[in-house]
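What you see is a predicted model; the values in this text were computed from it and never measured. Every chain is numbered from 1 and lettered A, B, ... according to where its sequence line falls, protein lines coming before strand lines.
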Amino acid sequence: MIRGIKGVKDTLPDEMPRWQAIEGAARRFSHLYGFREIRVPVFEVTELFARSIGASTDIVEKEMYTFQDRDGSSLTLRPEATAGVVRAYIEHNLAASPTAQKFYYLGPMFRHERPQAGRLRQFHQYGVESFGSASPQADVEVISLLWRFLSSLGLPGLTLELNSLGEAGDRPAYKAALVAFLKPLEEQLCQNCRRRIETNPLRVLDCKVPTCRTTTDSAPKLTDHLSPFAQQHFEAVRATLDSLRIPYFLNPRLVRGLDYYTLTTFEVTTTHLGAQNAVGAGGRYDGLVEVLGGPKTPAVGFAVGLERISLMLPEGSVPAATKLVFVAGFGQQGMAAGVRLLDELRFLGVPSDTDFRASSLKALLRQADRLHADYCVILGDDEVAAGTLILRHMQTKEQQSIPLEKAAPSIATLFLKPR
RNA sequence: GUGGGUGUAGCUCAAGGGUAGAGCGCCUGACUGUGGCUCAGGAGGCUGCGGGUUCGAAACCCGUCACUCACCCCA
């Protein structure tokens, strides 16, 4: 038997309603906030991701699905979508467009990681990118969209955390200050953190080991090293969030994994997901468009993990099954008449189905029940001979006889009339 | 990449060396043409795979693969 690839999952029909609920909400909220859909390729030239995400990040160093095209060029399955959206923004000169440059996307991403709860090799993200505005209001608009979208789904235990990473120039200075603080305390840190001092000192602040946390309690804070401009920006973001009554916590330890983030960063976490507690995250990335060869353009965005949302989605929030007419045609004449009736019903826009495997009326009715059909058409040889059919309402068990000739239109009016 | 847990019927799980089982689901019948409920019957398994120990292995040992959780990292 050929099996699917590790960390790559099928979504079976039974699970689709919850996915459609999530994706439907994502589209609805995007449009509410004036974001328009954009679709970019699932694979791009490798260099795009190396340049945007950061050559020395884990994603680029060891998690990308990279392969050689037939002409020898290096291509990569997208590990995230911002890079591709920015590329398209530059390539099609969307900066010159008079309409707002706010986009959303929905689709699969690929990272070669060891699968785990809430983490797959092919996973799906919904994200938005807002280009062209450096205003703190643009940050807030994106955060508000994320927060209201997640809240609307009724996800439990959500927390919004906020931090500022400062302008591009602020981070190196802070990094140096942090390393200077950590070095003398190295003994008190866990193995991982000792390594992190060299590889990624900001991550030490994020460590979950309690002793590390107490050790770093008095560490210099990134927010104390912000330039006046960055400080002002951050304060404006916070004031606006307050005025919208969007609850958040300041988390000076909040750090982003991707290199391109600047100024505002945020993350929505939950207590209901196990180890992978990040549901969605994002921030401002004012330098990225320029880094990728475009005009200097401010931008903010976020991405959320749809599998993680799906894991948390309360049962009640998935909509009930759609309405259906089940046609139970049995016997030689009945089956033939049933096939014709199905065709007519569908032509008239009535969702209808049958089961060609079942031959007895009992088995057909059982199937109608399982599919939660609203009506079942009973159509055997006797009915065909009499030129009628029986229409059974599955819940009330009421049955009526209808002339075969007029059956499809009268079922259609009955079925399609508003409740 | 590292560590732990688990692999038995479609699903959830029993059997801890002596004939592979239950519940749910599925099919059939009771109800000669009327679903759900009830009752009765039935189908469905190389116990992940390969080796080893043993008179005898689902069980014990070795290997391997898969799934899963966690670390790392991230959405």
Side-chain angles (χ1 to χ4, degrees), chain A residues 1 3-7 9 12 14 53 56-63 78-82 105-127 146 150 190-193 195-196 199-200 203 206-209 254-258 266-270 273-283 301-312 326 328-331 334 355 357-384 389-399:
Chain A
M1 178 176 65
R3 304 182 51 111
I5 298 166
K6 182 199 283 283
K9 284 244 201 317
L12 301 179
D14 282 351
I53 297 169
S56 61
T57 56
D58 273 18
I59 292 178
V60 171
E61 274 185 345
K62 46 191 195 193
E63 292 175 3
R78 62 183 186 191
E80 54 99 48
T82 299
Y105 59 83
L106 223 37
M109 312 294 159
F110 306 86
R111 294 182 198 174
H112 187 105
E113 299 185 273
R114 196 77 174 264
Q116 177 181 338
R119 183 210 278 171
L120 295 171
R121 290 188 174 178
Q122 174 175 336
F123 61 104
H124 297 78
Q125 286 187 336
Y126 153 54
L146 172 61
L150 293 173
C190 70
Q191 284 295 329
N192 277 329
C193 283
R195 186 174 43 78
R196 286 185 185 121
T199 58
N200 195 347
R203 279 264 155 226
D206 213 24
C207 187
K208 287 159 196 155
V209 178
L254 180 64
V255 160
R256 296 260 46 93
L258 285 59
F266 51 90
E267 183 166 306
V268 175
T269 57
T270 175
L273 262 187
Q276 260 56 50
N277 64 353
V279 182
F302 69 71
V304 297
L306 299 187
E307 278 79 4
R308 293 183 183 181
I309 290 178
S310 177
L311 284 172
M312 302 167 61
F326 189 91
F330 58 104
D355 188 345
R357 298 168 307 177
S359 52
S360 70
L361 177 56
K362 191 185 183 72
L364 285 161
L365 271 167
R366 188 161 49 227
Q367 197 62 17
D369 188 43
R370 272 194 287 242
L371 293 174
H372 302 115
D374 300 85
Y375 291 98
C376 182
V377 169
I378 296 174
L379 189 48
D381 289 351
D382 294 355
E383 282 73 24
V384 175
L389 57 68
I390 297 170
L391 184 65
R392 177 181 177 84
H393 191 279
M394 291 299 282
Q395 239 155 48
T396 64
K397 296 183 172 189
E398 277 172 48
Q399 297 194 163

Asker: What interatomic distance, in whole Å, is found between P of B:A70 and the corresponding atom of B:C24?
Answerer: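 To the nearest whole Å, 33 Å.
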Asker: When you compare B:A9 with B:G45, how far apart are their P atoms, in angstrom units rounded to a whole number?
Answerer: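 The same atom, P, in both gives a distance of 10 Å.
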Asker: In whole angstrom, give me the gap between the C1' atoms of B:A59 and B:A14.
Answerer: 13 Å
Asker: I need the single residue from A:His393, A:Glu398, A:Lys397 that forms a side chain to side chain contact (heavy atoms under 4.5 Å, CB included) with A:Gln395. Which is it?
Answerer: A:His393
Asker: Under the criteria of a ring-centre distance below 5.5 Å and an interplanar angle below 30°, is A:Phe123 stacked with the base of B:A75?
Answerer: yes
Asker: Any base atoms under 4.0 Å from A:Gln367, or only sugar-phosphate, or nothing? Heavy atoms, all strands.
Answerer: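 Nothing, no nucleic acid heavy atom in range.
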Asker: Determine the contact category for A:Arg111: base if any of its heavy atoms lies under 4.0 Å from a base atom, sugar-phosphate if only primed atoms, P, OP1 or OP2 are that close, otherwise nothing.
Answerer: base
Asker: Give me the distance, rounded to whole Å, that separates B:C60 from B:A66 when you measure between the C1' atoms they each carry.
Answerer: 22 Å
Asker: Determine the Euclidean distance between corresponding P atoms of B:G21 and B:A15; express it in Å to zero decimal places.
Answerer: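 Roughly 15 Å separates the two P atoms.
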Asker: Taking the same atom, C1', in B:C62 and in B:U54, what whole-Å distance lies between them?
Answerer: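 So the two C1' atoms sit 16 Å from each other.
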Asker: At under 4.0 Å between heavy atoms, what does A:Gly118 touch on the DNA or RNA strands: base, sugar-phosphate, or nothing?
Answerer: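 Base: the residue A:Gly118, judged by heavy atoms under 4.0 Å, touches a nucleobase.
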Asker: At under 4.0 Å between heavy atoms, what does A:Glu113 touch on the DNA or RNA strands: base, sugar-phosphate, or nothing?
Answerer: base
Asker: Determine whether a donor-acceptor pair (one donor, one acceptor, N or O, separation below 3.5 Å) exists between the side chain of A:Lys362 and the base of B:G29.
Answerer: no
Asker: Using the P atom on both, measure B:C67 against B:G35 and round to a whole Å.
Answerer: 43 Å
Asker: With both distances under 3.5 angstrom, what nucleotide forms a Watson-Crick or G-U wobble pair with B:C67?
Answerer: B:G5
Asker: Please confirm whether any donor atom in the side chain of A:Glu383 sits under 3.5 Å from an acceptor in the base of B:G33, or the reverse.
Answerer: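 It does, because a donor-acceptor pair links the side chain of A:Glu383 to the base of B:G33 below 3.5 Å.
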Asker: How far, in whole Å, is B:A20 from B:G25 if one measures between their P atoms?
Answerer: 27 Å
Asker: Closer than 4.0 Å, any side-chain N/O of A:Arg366 to the OP1 or OP2 of B:C27?
Answerer: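 Result: yes.
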Asker: Less than 3.5 Å between a donor and an acceptor, one on the side chain of A:Gln116 and one on the base of B:U68, is that the case here?
Answerer: no
Asker: With heavy atoms under 4.0 Å as the rule, sort A:Phe330 into base, sugar-phosphate or nothing.
Answerer: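 Base: the residue A:Phe330, judged by heavy atoms under 4.0 Å, touches a nucleobase.
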Asker: Do A:Arg3 and B:C67 share a donor-acceptor pair, side chain to base, under 3.5 Å?
Answerer: no
Asker: Give A:Met394 one of three labels, base, sugar-phosphate or nothing, depending on what nucleic acid heavy atoms sit under 4.0 Å from its own.
Answerer: base
Asker: Taking the side chain as C-beta and beyond, is there a heavy-atom pair between A:Tyr126 and A:Ile309 under 4.5 Å?
Answerer: no
